[in-house]
*Asks:* 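Okay, handing you the structure first.
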Amino acid sequence: MGFGQDGIARARLALLTLDGRTRFETRVADWLGVDEAQSRILADVDVLPSERLELGSVLGRTLAEDVAARARLPPWDNSAMDGYAVRAEDVEGASADAPVELAVVGQILAGGDERPVLGPGQACRVMTGAPVPDGADGVVRVEHTDREAAMPGRVRVLSDHDARRNVRPGGQDMERGDAVVPAGTRLHGGWIALLAAAGAARVAVRRRPRVTVLTGGDELRSLDDFADVAAGRAIPDSNGPMLAAAVAAAGGEATLAGPARDDAGDIRRRLHANPDADVIVTVGGASMGEADLLKRVLEKDGLQVDFWRARIRPGSPLAFGRLPLPGASHPVPLVSLPGNPASAWVTFHLFVRPLLRRLVGDPRPFQPVLRARTADPLVSVARLCHFHRVRIDWAGAEGVPTVSLTGHQGSGLVHSVGPAEGLAVVPEGVERLEPGDPVEVILLGEGPGTGRPGFDPQRP
């Protein structure tokens, strides 16, 4: 019986070579496509538990259960205008040349208790939002009346335009028991307004994912040691703050555990800095370099590697697995990102952010995709899917947005990351897009996800 390629790969993973290299170092690259890599990372994700919070504390959180309205809104038919509530049959045919005069029988303010009943030939002053009196089926705005100028208590209607208009029916917004906000919704100000209107003073939201972000390398310095960078002796750890901010933007809480030294003990101590982590993100050390100690530490600590390498640029030396942590009930998902800043930025948005959104129960964890045209040539390698950092000109020709590169696309450069509003996708099998060609762009701003290029946004 033959092993096949999968059997050969498993056999190689089971061996330690004679020169002492780990299984990680001898692993056959999986070279997964983007969709398969995303699907593997999102497989078997357990949604985090919920907590019930006051409405003022849930901005950016993800709703854990459907919320239903506790009352009818508006509770009664109400006026959409400041004006006079009337019976439509009384004002039909009214005009400036042939005004209709009505007796004013009262006034209703928004929040007022007075509720007269209109009879034939009568009107009632009403304010915007005030209940419409029984018998009325229209509100004539004040501009279409004489404002009782000729005689207080008598109003002349100068137009029948508002007959049967400007009355908002009770329950138009919601009825008691209506499901108004579904579970999985990420709450922004508009949703919070809706929850308040529904009477939801406290709501159940998913706990924020706790993420350990570990950068490493003797060459890295934090901002506290930036003097070494200024002196030309080191490079700044921009990946750590960048990814911690990206975690927060995705709804998580980051523990910035790096930069770690090239020392196994220091790496392990920082790796376990947050024993309650839901996700671990490591940066660098995923290639096959001899100085990459991280992979050896991870293997000794029992990392269960799911895959290594994806058919993307930048960021192909991506790895994913699950790491047992002391005291944890189950192995923790670990995503190992490449060390170059642009690579780390791109792979975070492609793979880590969807994982964090799925952990909080977001049914659409991927960021929205824009159909645009490119203003610059976008080059790639046919066997890879390439993600270019781009700016977006929303006022493009013929109403179609256009995108342009943020600068040199080298993966080791930071300056192209800051201005990036999206990732322009050159799919596998395509080596070049010319100016004017259509292109799909993954938007990097936070908002409700709608999909990913060529994929069903509802499936993992």
Side-chain angles (χ1 to χ4, degrees), residues 54-56 58 63 66-182 185 187-203:
E54 299 287 343
L55 199 58
V58 299
L63 200 62
D66 295 344
V67 172
R70 297 175 56 201
R72 189 180 196 229
L73 190 68
W76 10 250
D77 293 354
N78 70 98
S79 175
M81 293 283 178
D82 290 340
Y84 292 85
V86 299
R87 302 187 330 151
E89 61 192 87
D90 288 338
V91 300
E92 287 176 344
S95 68
D97 295 330
V100 171
E101 186 172 286
L102 302 173
V104 180
V105 297
Q107 175 173 276
I108 306 177
L109 304 177
D113 295 330
E114 185 181 357
R115 295 285 296 275
V117 178
L118 287 190
Q122 295 180 334
C124 180
R125 298 185 205 94
V126 291
M127 303 299 110
T128 301
V132 173
D134 292 339
D137 54 6
V139 174
V140 178
R141 68 195 75 189
V142 292
E143 299 94 315
H144 291 172
T145 74
D146 72 344
R147 296 175 170 84
E148 304 174 54
M151 179 184 298
R154 305 290 295 185
V155 64
R156 303 177 82 189
V157 178
L158 309 177
S159 170
D160 65 357
H161 179 268
D162 291 334
R164 297 187 176 84
R165 291 174 181 263
N166 303 326
V167 176
R168 298 180 295 208
Q172 183 181 44
D173 216 349
M174 62 188 74
E175 295 284 357
R176 185 189 300 272
D178 282 353
V180 291
V181 188
T185 300
L187 300 173
H188 55 60
W191 288 118
I192 290 172
L194 187 51
L195 290 170
R202 292 170 63 87
V203 294

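These values consider heavy atoms only, across backbone and side chains, with no hydrogens, waters or symmetry-generated copies.
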*Asks:* Considering all heavy atoms of both residues, which atom of W191 and which atom of V180 are nearest to each other, and what is their separation?
*Replies:* CZ3-O, 3.9 Å

*Asks:* Heavy atoms only: give me the nearest P116-P133 pair and the separation to one decimal.
*Replies:* O-CB, 2.9 Å

*Asks:* Taking atom CG of D90 and atom CG of L118, what is their separation to the nearest 0.5 Å?
*Replies:* 8.5 Å

*Asks:* Quick one, D137 and V167 - any side-chain contact, counting heavy atoms below 4.5 Å?
*Replies:* no

*Asks:* May I ask you to test the V155-D146 pair for a side-chain heavy-atom distance under 4.5 Å?
*Replies:* yes

*Asks:* Shortest non-hydrogen contact from P131 to V126?
*Replies:* O-CG1, 4.0 Å

*Asks:* State, yes or no, whether a side-chain contact exists between D77 and P169 at a heavy-atom distance under 4.5 Å.
*Replies:* yes

*Asks:* Mind jotting down which residue pairs meet the salt bridge (charged side-chain N to carboxylate O under 4.0 Å, His left out) criterion with at least one end in residues 115-134? Sequence neighbours excluded, please.
*Replies:* R125-E148

*Asks:* A side-chain contact here means heavy atoms from C-beta on lying under 4.5 Å apart; do Y84 and V157 qualify?
*Replies:* no

*Asks:* For A123 and V86, work out which heavy atoms get closest and say how close.
*Replies:* CB-CG1, 4.1 Å

*Asks:* For residues 94-106, which side-chain N or O atoms pair as donor and acceptor with protein atoms under 3.5 Å away, sequence neighbours left out?
*Replies:*
residue, atom, partner, partner atom, Å
S95, OG, D97, N, 3.4
S95, OG, A98, N, 3.0
E101, OE2, R154, NE, 3.1
E101, OE2, R154, NH2, 3.2

*Asks:* Going by salt bridge (charged side-chain N to carboxylate O under 4.0 Å, His left out), name the residues that satisfy it together with R164, two or more places apart in sequence or in a different chain.
*Replies:* E92

*Asks:* Please evaluate residues L63 and V203 with respect to the criterion side-chain contact (heavy atoms from CB on, under 4.5 Å), reporting the C-alpha separation (whole Å), side-chain torsions for both, the decisive distance (0.1 Å), and the verdict.
*Replies:* CA-CA 7 Å; L63 200 62; V203 294; 3.9 Å; yes

*Asks:* Tell me every residue that passes side-chain hydrogen bond (donor to acceptor under 3.5 Å, both in side chains) with N166, counting only those two or more places apart in sequence or in another chain.
*Replies:* D162

*Asks:* Got a sec, which residues hit side-chain hydrogen bond (donor to acceptor under 3.5 Å, both in side chains) with D160, two or more places apart in sequence or on another chain?
*Replies:* none

*Asks:* Under the side chain to side chain donor-acceptor pair (under 3.5 Å) rule, what pairs show up with a residue in residues 173-182, not counting sequence neighbours?
*Replies:* R72-E175

*Asks:* Please round to the nearest 0.5 Å and tell me the distance separating atom CE of M127 and atom CD of Q107.
*Replies:* 5.0 Å

*Asks:* Rounded to the nearest 0.5 Å, how far does OG1 of T128 lie from CZ of R168?
*Replies:* 7.0 Å

*Asks:* For the CG atom of L55 and the CZ atom of R202, what is their distance to the nearest 0.5 Å?
*Replies:* 10.5 Å

*Asks:* Go through the steps for R165 and M81 under the test side-chain contact (heavy atoms from CB on, under 4.5 Å), then give the verdict.
*Replies:* CA-CA 10 Å; R165 291 174 181 263; M81 293 283 178; over 6 Å; no

*Asks:* Does the distance from a Lys or Arg side-chain N to an Asp or Glu carboxylate O, for R87 and E89, drop under 4.0 Å?
*Replies:* yes

